[in-house]
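Protein chains get the first letters and strands the later ones, always in sequence-line order, with residue 1 at the start of each.
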There are 2 protein chains.
Amino acid sequence: MDSKILNLRSKMEVYKAMTDGGNFADCPVRDVIQGISGKWSSLLMMALAERPYRFGELRRLVPDISQRMLTQTLHDLQRDGYVHREVFPTKPPSVEYSLTDLGRSMFGPLQQLVQWAELNHGAVRDARAAFDATQG
Amino acid sequence: MDSKILNLRSKMEVYKAMTDGGNFADCPVRDVIQGISGKWSSLLMMALAERPYRFGELRRLVPDISQRMLTQTLHDLQRDGYVHREVFPTKPPSVEYSLTDLGRSMFGPLQQLVQWAELNHGAVRDARAAFDATQG
DNA sequence: AGTGCTGCTCTCTTTTTGAGACTATATGAA
DNA sequence: TTCATATAGTCTCAAAAAGAGAGCAGCACT
């Protein structure tokens, strides 16, 4: 028996058990994962894990995000409890975004994934090139 | 000095250093992360980590995915080297999808995130409820 | 001859995202 | 005064992505 495979099986079982009667559609784990799997969520989490940032700073840090998506993604991250938004009464008023404790605790696992991407983006690039060569 | 914060800083530096001259737009880490942060990618990775599945089996396992998105997500995962697609010459022909070694190695970190979601979906639900109550 | 299974693709509609103008207030420079 | 800058957004419209569902080709079973 391979305990690694058994472990993977049990994970899937949990993902499945969270749902009512084996239906995946209303799974809370899925719900949480989808909240952080947006196009910009993980990038903003990475930035805010470094230190708090203001709206305009984030915009300059991630030059190809639109203001609209920055507003919306920060709003969603705040709603899910990962990000704290604080308005300072300067003139003009400035808004600072920072991670909450929940956000920091989620950032741990997220960081693992980023680390993996860091180590393996070469392999992914190669796989894409090979695939495109045969399927082109 | 807080070594944890220093560590987070260095992670962001790496994410940033991957780009040409501090520009985030063409970052390979971002490229890899975005490839697996689609709406269905992580869910299919979870399923295929359990065991290989056929197209129709995946469709039944994840009832609210459309055929179109299942085809496309599997295609993208295959292109990035996470998933292997094998056609068996049965009548009618059947197609089996399984994780590659690269896919399995990526599934480790991904699983950490799922585990976190499992433990913390209550906190996220509460945060959402609290946010909606004040901002509704 | 009709029905069903397989793994798709094609089209149409709805949702999401992107690009960019516009708001309101205040500060400093010409 | 008038112009330019900065703040953090919102609003509108176009483009891209996703969802719904029909259609397809080949074979087996009845």
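Lys91(B) has its NZ atom 17 Å from the P atom of dA25(D), to the nearest Å. Atom CD1 of Ile65(B) and atom P of dA20(D) are 11 Å apart (whole Å). If you take CZ of Arg59(B) and P of dT9(C), they are 14 Å apart, rounded to a whole angstrom.
Separation of atoms CD1 (Ile65(B)) and CD (Gln72(B)) is listed at 9.5 Å; rounding is to 0.5 Å. Once rounded to the nearest 0.5 Å, the distance linking OG1 of Thr73(B) with CZ of Arg68(B) reads 9.5 Å. Taking CE from Met46(B) and CG from Leu61(B), the interatomic distance works out to 10.5 Å, rounded to the nearest 0.5 Å. Atom CH2 of Trp116(B) is separated from atom CD of Gln112(A) by 14.5 Å, given to the nearest 0.5 angstrom. The structure places CE of Met106(B) at 9.0 Å from OG of Ser42(B), a figure rounded to the nearest 0.5 Å.
Distances shorter than 4.0 Å separate none of the side-chain N or O atoms of Trp40(B) from OP1 or OP2 on dA17(D). OP1 or OP2 of dG9(D) lies within a sub-4.0 Å distance of a side-chain N or O belonging to Tyr97(A). Proximity of Lys39(B) to the phosphate of dT16(C): no side-chain N or O atom is located under 4.0 Å from OP1 or OP2.
Open room surrounds CZ on Arg59(B); 12 or fewer heavy atoms of other groups in view lie less than 6.0 Å from it.
Figure legend: Arg51(A) and Tyr53(A) shown as a cation-pi pair, the cationic atom lying under 6.0 angstrom from the six-membered ring centre and within 45 degrees of its axis.
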(Q) Could you spell out the base pairing of DNA chain C as a dot-bracket line? Use Watson-Crick and G-U wobble contacts where both distances are under 3.5 Å, [ ] for crossing pairs, | for partners on a different strand. (A) ||||||||||||||||||||||||||||||
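Of the residues in residues 67-76 of chain A, those placing a heavy atom less than 4.0 Å from an atom of DNA chain D are Gln67(A), Arg68(A), Thr71(A), in numerical order.
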Which pairs would a plain distance check flag for residues 32-40 of chain A, meaning a side-chain donor or acceptor within less than 3.5 Å of a matching protein atom at least two apart in sequence or in another chain?
unit_1, atom_1, unit_2, atom_2, d
Gln34(A), NE2, Lys39(B), O, 3.4
Ser37(A), OG, Ile33(A), O, 3.3
Ser37(A), OG, Gln34(A), O, 3.4

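Judged by distance alone, the side chain of Glu57(B) and the main-chain N or O of Arg54(B) form a donor-acceptor pair under 3.5 Å.
Candidate nucleotides dG18(C), dA20(D), dG9(D) were compared by shortest atom distance to the side chain of Arg85(A), and dG9(D) ranks first.
Here Asp126(B) pairs with nothing under the salt bridge (Lys or Arg N to Asp or Glu O under 4.0 Å) rule; sequence neighbours left out.
The stretch residues 90-100 of chain B participates, sequence neighbours left out, in these side-chain hydrogen bond (donor to acceptor under 3.5 Å, both in side chains) pairs: Arg85(B)-Tyr97(B), Thr90(B)-Ser94(B).
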Might you list the N or O atoms of the protein lying below 3.5 Å from N or O atoms in nucleotides 2-7 of chain D, with each pair's distance?
none

